[in-house]
Protein chains: 2
Amino acid sequence: MEKIYQIGVEATLDVIGGKWKPLILCHLGKGPLRTGQLRRAIPQITQKVLTQQLRELEDDQIIDRHVFQQVPPKVVYQLTDYGKTLNQILVEMSIWGEQRIKRLQAAHPDEKIELLGDHQGYLEGH
Amino acid sequence: MEKIYQIGVEATLDVIGGKWKPLILCHLGKGPLRTGQLRRAIPQITQKVLTQQLRELEDDQIIDRHVFQQVPPKVVYQLTDYGKTLNQILVEMSIWGEQRIKRLQAAHPDEKIELLGDHQGYLEGH
DNA sequence: GTAAGTAGGTACTAAAAAGTGCCTATCCGA
DNA sequence: TCGGATAGGCACTTTTTAGTACCTACTTAC
């Protein structure tokens, strides 16, 4: 595996970029979750992509995967201490992003621009 | 144009994500640049992709495009005030990313993992 | 004994992002 | 008058990322 970065930001985007990772990290930021809980929290994601993203986050040591040896299987994911160091960045990206959405909505009142969910994102408890 | 976000972070990634935008923003963060200066600063990017990324940043009001009506043409790009509000986030992503690269290098001393350039990125002058 | 719930694998397809190659127009200097 | 420098357009291909559909194996409850 060969990784050559021009600037540090690229290495960070490597970890938190992609369509689903921010959302996964947001949910795990509130506490450990089982696979099924994550899947229900993010209904639009497919099992395949969820597993794939979780593997990548695990390889990057952002999250921990706990397998309970029992039947039916039980797997719990949670942020590692290293993963928690992303929190400040994610909170700030969240704040900036929410302001951008408001800006877009103000500039294009006729277009469909929305922020779903309870808007709490990373902004609670930090 | 329809944009539906689950959380704010996605809106931020919409703006700074992608393969070249962080690098473009890094260079423009040091001052206004002409198209050719940018292209020489980022030799691996092609003219087509550079133009395309600049257009998107312009549409997002992150940068300004000044056309000087003369021959040969002269076009200067620079961060808008709004664009400058991204700076703190970019600086933190830069710091986190540089630490991650060191971490990767320590964990995989046999693999090719590098941070090119003068490593100054966003870390100078902020 | 059959269905539901558990976590996940695999082959294939579709969509998004990035890259290639070649084109325009104008002026200046050699 | 020919080549280089300016900024960028357009058609097409490749690569990357995400999505679809269908499969395993085990246990409990009905």
Side-chain angles (χ1 to χ4, degrees), chain A residues 1-6 9-25 27-28 32-60 63-78, chain B residues 1-6 9-25 27-28 32-60 63-78:
Chain A
M1 186 188 15
E2 182 175 293
K3 287 177 186 292
I4 296 181
Y5 301 103
Q6 310 280 323
V9 182
E10 292 171 356
T12 304
L13 281 176
D14 237 25
V15 173
I16 64 170
K19 185 163 175 182
W20 299 106
K21 281 184 189 167
L23 201 46
I24 292 171
L25 292 174
H27 286 292
L28 289 180
L33 289 173
R34 297 185 55 176
T35 313
Q37 293 177 304
L38 268 173
R39 212 177 42 232
R40 281 187 293 276
I42 312 174
Q44 307 85 351
I45 201 173
T46 61
Q47 168 76 297
K48 184 210 135 188
V49 174
L50 175 60
T51 304
Q52 178 184 300
Q53 305 297 299
L54 289 170
R55 289 290 176 285
E56 290 178 15
L57 289 169
E58 194 194 351
D59 289 347
D60 288 338
I63 63 174
D64 235 18
R65 180 168 177 266
H66 273 260
V67 181
F68 292 77
Q69 255 320 133
Q70 63 184 54
V71 165
K74 176 177 174 182
V75 176
V76 171
Y77 294 94
Q78 61 185 318
Chain B
M1 185 188 20
E2 181 177 293
K3 285 176 187 291
I4 296 181
Y5 301 102
Q6 310 279 325
V9 182
E10 292 171 356
T12 304
L13 281 176
D14 237 25
V15 173
I16 63 169
K19 186 163 176 181
W20 299 106
K21 281 184 188 167
L23 202 46
I24 292 172
L25 291 174
H27 286 291
L28 289 179
L33 289 172
R34 297 184 57 176
T35 313
Q37 294 178 304
L38 267 173
R39 211 177 43 232
R40 280 186 293 276
I42 313 176
Q44 308 85 350
I45 200 173
T46 60
Q47 170 74 54
K48 183 209 135 189
V49 175
L50 175 60
T51 304
Q52 177 184 302
Q53 305 296 299
L54 288 170
R55 288 289 177 284
E56 290 178 15
L57 289 169
E58 193 193 353
D59 290 346
D60 288 338
I63 63 173
D64 236 18
R65 180 169 178 267
H66 273 258
V67 181
F68 293 76
Q69 256 320 135
Q70 63 185 52
V71 167
K74 176 177 173 181
V75 177
V76 172
Y77 294 95
Q78 61 186 317

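Note that the structure is predicted; figures quoted are calculated from it, not measured.
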- Message: On DNA chain D, compare the nucleotides closest to B:R40 and B:T51; which residue's is nearer the 5' end?
- Response: B:R40
- Message: Just to be sure I understand the rule, does B:T46 reach a base, reach only the sugar-phosphate, or reach nothing, if contact means heavy atoms closer than 4.0 Å?
- Response: base
- Figure out the CD/C1' separation between A:Q52 and D:dT20, and round it to whole Å. 13 Å
- A:Y77 side-chain N/O to C:dG8 phosphate OP1/OP2 under 4.0 Å: yes
- Query: So do the side chains of A:Q44 and A:I42 get within less than 4.5 Å of each other, counting heavy atoms only?
  - Reply: yes
- B:W20 vs C:dA17: side-chain N/O to OP1/OP2 distance below 4.0 Å: no
- Choosing from D:dG19, D:dA7, C:dA18, which nucleotide comes nearest the side chain of B:R34? D:dA7
- Task: Check the distance between C:dC28's C1' and B:K74's NZ and give it to me in whole angstrom.
- Result: 17 Å
- Message: Does A:F68 reach a base, just sugar-phosphate, or nothing at all? Heavy atoms under 4.0 Å.
- Response: nothing
- Task: Using atom NZ of B:K48 as one end and atom C1' of C:dC23 as the other, report the distance to the nearest whole Å.
- Result: 15 Å
- Message: Just to be sure I understand the rule, does B:E56 reach a base, reach only the sugar-phosphate, or reach nothing, if contact means heavy atoms closer than 4.0 Å?
- Response: nothing
- Query: To the nearest angstrom, how far is A:Q69 atom CD from D:dC26 atom C1'?
  - Reply: 12 Å
- Quick one: label A:Q53 by what it contacts on the DNA or RNA (base, sugar-phosphate, nothing), any heavy atom closer than 4.0 Å. sugar-phosphate
- Respond yes when some side-chain nitrogen or oxygen of A:K19 is under 4.0 Å from OP1 or OP2 of C:dA15, and no when none is. no
- Task: Before giving the answer on side chain to side chain contact (heavy atoms under 4.5 Å, CB included), spell out for A:I24 and A:Y77 the whole-Å C-alpha distance, their side-chain angles and the decisive distance to 0.1 Å.
- Result: CA-CA 10 Å; A:I24 292 171; A:Y77 294 94; over 6 Å; no
- What integer distance in Å separates A:Q44:CD from D:dG19:P? 10 Å
- Query: Are OP1 or OP2 of D:dT6 and a side-chain N or O of B:T35 less than 4.0 angstrom apart?
  - Reply: no
- Message: Measuring only between side-chain heavy atoms, which start at C-beta, is A:V75 closer than 4.5 Å to A:R34?
- Response: no
- Query: Which listed nucleotide (C:dA18, C:dT6, D:dG9) is nearest to the side chain of B:R55?
  - Reply: D:dG9
- Item | d(CG, A:L50; C1', D:dG19) in whole Å | 13 Å
- What is the distance from CD1 of A:I42 to P of D:dG19, rounded to the nearest Å? 12 Å
- Of A:Q47 and A:V71, the one whose closest nucleotide on DNA chain C sits nearer the 5' end is A:V71
- Pairs meeting criterion salt bridge (charged side-chain N to carboxylate O under 4.0 Å, His left out) with involvement of residues 40-57 of chain B, two or more places apart: B:K21-B:E56
- Could you point out which residue of B:L25, B:L28, B:D64 forms a side-chain contact (heavy atoms from CB on, under 4.5 Å) with B:L57? B:L25
- Item | Nearest-0.5 Å distance, CD of residue B:Q6 to NZ of residue A:K19 | 9.5 Å
- Query: Nearest-Å distance, CG (B:L13) to C1' (C:dA17)?
  - Reply: 15 Å
- Task: Select from A:P73 and A:G18 the residue whose nearest nucleotide in DNA chain D is closer to the 5' end of that strand.
- Result: A:G18
